[in-house]
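Quick caveat, the model's predicted, so the values are computed rather than measured. Keep in mind that the numbers below use all heavy atoms, side chains included, and drop hydrogens, waters and symmetry copies.
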Amino acid sequence: MAQVWKVGLLCQKNGKYVTQEKVGAGLNCQSALFRRNQVFTMKLLENGKYNIVTPKGTLLTAGPKGSFTGDAEGASEDTEFEIIVQADGTWAFRTAHKYYVSAETDAEMGAFARAIPPAEKFAFHLALHPQVNIYSPARQSYAHVEKNELRANEKVPWGYDAMIVLNFDSAQAKYTLRGANQKYWTCDATFVDTPNDNSYYVAVLAEDNKVGFRGKNGKYMTAPTAQDQILKCTSTECKTNESFLLSDSHGQVSITADVSGKLVSMSRNSDPQVVVAGKPGVQPADTEVFQMEFQGNGNWWFTTKDQRAWSVSDEGNLQTVEKDKATSASSDFQIEHLGKCVYLKRGEKYITHKPQGNMAVSGGATDECKFAIDMINRPLLILRCEYGFVTSKRSNDALACNAAEPETFTVTSNKGAYQIKSSNGKFWTVKADGSIQASADSGDEFHLEWLAHTKFALRSGKTGQYVKGGQAGGFQANSPKASASDLDTLWEY
């Protein structure tokens with residue numbers, strides 16, 4: 001497997017990110033924000049060195065006289081960099097000419113240094129959405145919160161307990177791991193309410209696109225073979241047990257029939273059926289939760305915890321098959337959004353349900369074809385777009401979408417109607433001009449429209465307008481349409 005990482009590079013001298021200039025091939029180290037122009041792709045070569053792809057798709061290159069630019073169209077000796085990992089976990093980049101990349105002059109970077117002071121040291125910031133699943137290949141299990149501990153013993157990351165917030169602290173140039181209980185995991189294997197020295201980790205790159213976490217005690221987090229499999233910082237080396245894969249978390253949802261108010265469930269047998277009455281305020285059982293997996297071109301798979309996928313039989317009945325045996329011919333479904341409800345379709349046919357609960361596809365859309373989708377693994381939500389993170393920490397509690405640091409929002413939903421509360425304890429409300437403020441004691445209704453992997457459009461239930469972002473931070477419900485190709489109306493969750 002080719003090792004490829006998308007990262008930001010944070011200089012330890014001035015706390016700013018390496019940036020490719022919009023015009024020309026120059027590079028500076030002057031940005032306090034981590035956005036598109038600060039994302040570089042690291043590609044590991046067979047000789048152990050790296051090619052580094054710029055945001056424009058060209059390669060970084062360093063000349064024999066100390067030049068350092070981002071305009072190389074093809075690979076050469078000058079585009080190869082060796083990463084020298086420092087004791088504090090930061091990186092220095094050594095060129096083919098035995099010099100180090102330097103931000104001593106932050107307005108115009110070079111590659112002429114012979115030593116490694118702070119101006120030549122860079123922390124790496126992974127270009128991931130902060131809400132991730134953490135997988136231990138050694139244990140073949142995911143990390144999740146169990147008995148107020150972080151354990152690597154869940155075979156399928158099901159429900160909110162497997163959601164980990166991996167947050168980069170630019171001041172510390174280190175990461176914290178925040179569990180579903182909203183507490184921070186420490187290197188001494190305990191949760192704390194607020195970050196302390198023991199809750200910060202240096203991230204290190206491991207083989208095959210894995211990452212390790214080194215705690216304050218100088219040891220790496222290990223997924224042990226012990227029965228409880230509690231993650232602890234006990235190893236002096238980053239080997240197999242200390243290497244983890246990070247992945248985006250698919251949306252996991254409950255699906256309610258609009259007519260009957262009953263949940264789609266797997267509780268009777270291996271076929272989805274509309275048979276379980278939903279209870280307000282009660283979390284659906286695992287048998288009433290389905291994972292939405294985007295297949296591209298508007299197609300989705302709906303899968304279960306025991307790794308079965310929805311499928312349509314030759315007779316047109318809805319059933320499930322083992323996921324590794326599912327095919328697009330029978331398991332691809334499309335979503336037609338109707339506001340807070342949706343139609344689930346296969347081509348021109350609609351999924352419907354019969355009075356006894358059995359589900360099938362039919363030729364025409366009826367009330368029995370309407371369903372509501374409620375996302376259950378994001379009660380706490382971080383939103384990101386092309387310009388940064390969504391935040392309400394601006395003047396007048398107005399929402400903006402170009403923040404450098406993520407804000408965590410609280411989400412509640414009821415049959416496809418969502419309300420969102422900011423960290424100030426106030427709900428989102430849409431103003432007459434389409435602007436959104438976190439200022440209400442009871443929130444406006446929003447609808448989610450699923451458009452791509454871990455991305456949705458956000459529509460105001462009050463006005464019917466879609467929320468659209470802008471480079472200057474605009475975050476307004478003022479767009480009459482949204483699509484997967486319109487990045488300004490697409491929100492990564």
Side-chain angles (χ1 to χ4, degrees), residues 3-45 47-127 168-175 200 202-205 211 214 404:
Q3 185 164 327
V4 178
W5 292 95
K6 291 184 179 294
V7 301
L9 300 171
L10 185 73
C11 179
Q12 296 303 280
K13 179 188 177 184
N14 64 0
K16 301 293 179 65
Y17 288 94
V18 177
T19 302
Q20 183 171 37
E21 295 175 359
K22 293 182 178 180
V23 179
L27 297 149
N28 65 61
C29 197
Q30 296 180 312
S31 176
L33 302 177
F34 182 34
R35 295 178 179 163
R36 280 182 295 182
N37 288 337
Q38 290 76 41
V39 176
F40 294 82
T41 303
M42 314 282 297
K43 293 187 175 181
L44 180 65
L45 306 175
N47 62 7
K49 297 181 181 181
Y50 285 84
N51 281 158
I52 305 174
V53 183
T54 72
K56 293 180 180 179
T58 51
L59 294 174
L60 295 185
T61 181
K65 295 184 179 180
S67 63
F68 181 62
T69 59
D71 59 350
E73 296 292 340
S76 68
E77 184 183 49
D78 286 352
T79 66
E80 294 183 3
F81 296 86
E82 182 182 1
I83 294 178
I84 309 298
V85 180
Q86 305 301 293
D88 60 1
T90 58
W91 294 348
F93 292 90
R94 187 159 60 192
T95 73
H97 310 289
K98 307 305 179 184
Y99 295 114
Y100 293 97
V101 173
S102 175
E104 183 64 37
T105 304
D106 57 18
E108 185 178 359
M109 297 179 65
F112 48 76
R114 295 184 179 274
I116 311 177
E120 282 73 56
K121 294 168 67 174
F122 301 87
F124 72 90
H125 184 173
L126 295 169
F168 183 75
D169 187 309
S170 57
Q172 298 269 353
K174 296 178 182 178
Y175 285 88
Y200 287 100
V202 172
V204 298
L205 300 187
V211 65
R214 193 177 72 198

Distance in Å, E80 CD paired with L45 CG, rounded so as to fall on 0.5 Å steps: 5.5 Å

For the CZ atom of R94 and the CD1 atom of I83, what is their distance to the nearest 0.5 Å? 12.0 Å

Please name the pair of heavy atoms, one in R35 and one in Q38, separated by the smallest distance, quoted to 0.1 Å. N-OE1, 2.8 Å

Do V7 and F122 have side chains that get closer than 4.5 Å, going by heavy atoms? no

Check: K16 and C11 side chains under 4.5 Å, non-hydrogen atoms: no

Parallel, tilted or perpendicular, as decided by the 30° and 60° cut-offs, for the rings of F68 and F81: perpendicular

What distance do L9 atom CG and F93 atom CZ have between them, rounded to the nearest 0.5 Å? 4.5 Å

Is a donor on one side and an acceptor on the other found under 3.5 Å between the side chain of K56 and the backbone of E21? yes

Answer whether the closest heavy-atom distance between the side chains of V204 and V211 falls below 4.5 Å. no

Geometric class of the W91/F124 ring pair [parallel <30°, tilted 30-60°, perpendicular >60°]: parallel

Please tell me whether T41 and K6 have a donor and an acceptor in their side chains that are separated by less than 3.5 angstrom. yes

Write down the atom of Q86, the atom of K121, and the distance for their closest heavy-atom approach. CG-CE, 4.1 Å

Looking at every non-hydrogen atom in both residues, tell me the closest pair between A111 and Y99 and how far apart they are. O-CB, 3.4 Å

Looking at CD of Q30 and OH of Y17, how far apart are the two atoms once the value is rounded to the nearest 0.5 Å? 15.5 Å

Tell me the closest heavy-atom pair linking T58 and Q20, and the distance in Å. OG1-NE2, 3.8 Å

For A107 and N28, the nearest pair of non-hydrogen atoms, with its separation, is O-CB, 3.5 Å

Is the number of heavy atoms from other residues, nucleotides or ligands under 6.0 Å of K49 NZ greater than 12? yes

Is there side-chain contact between H97 and K65, with heavy atoms separated by less than 4.5 Å? no

Please report the interatomic distance CG(D71) to CG(L60), rounded to the nearest 0.5 Å. 9.5 Å

Shortest non-hydrogen separation from C29 to M109 and the atoms involved: CB-SD, 4.0 Å

Is it the case that the side chains of D78 and S76 hold a donor-acceptor pair, with the cut-off being a distance below 3.5 Å and no angle test? no

Gap separating the OG1 atom of T54 from the CG atom of L59, nearest 0.5 angstrom: 7.5 Å

Hey, are Q12 and T90 close enough side-chain-wise for a donor-acceptor pair under 3.5 Å? no

Testing the 3.5 Å rule here: is there a donor-acceptor pair between the side chains of N37 and T19? no

Apply side-chain contact (heavy atoms from CB on, under 4.5 Å) to residues W5 and L126 and explain how you reach the verdict. CA-CA 8 Å; W5 292 95; L126 295 169; 3.5 Å; yes

Note, K174 side chain near V202 side chain (heavy atom, < 4.5 Å): yes

Do you see a donor-acceptor pair shorter than 3.5 Å between the side chains of Y100 and R114? no

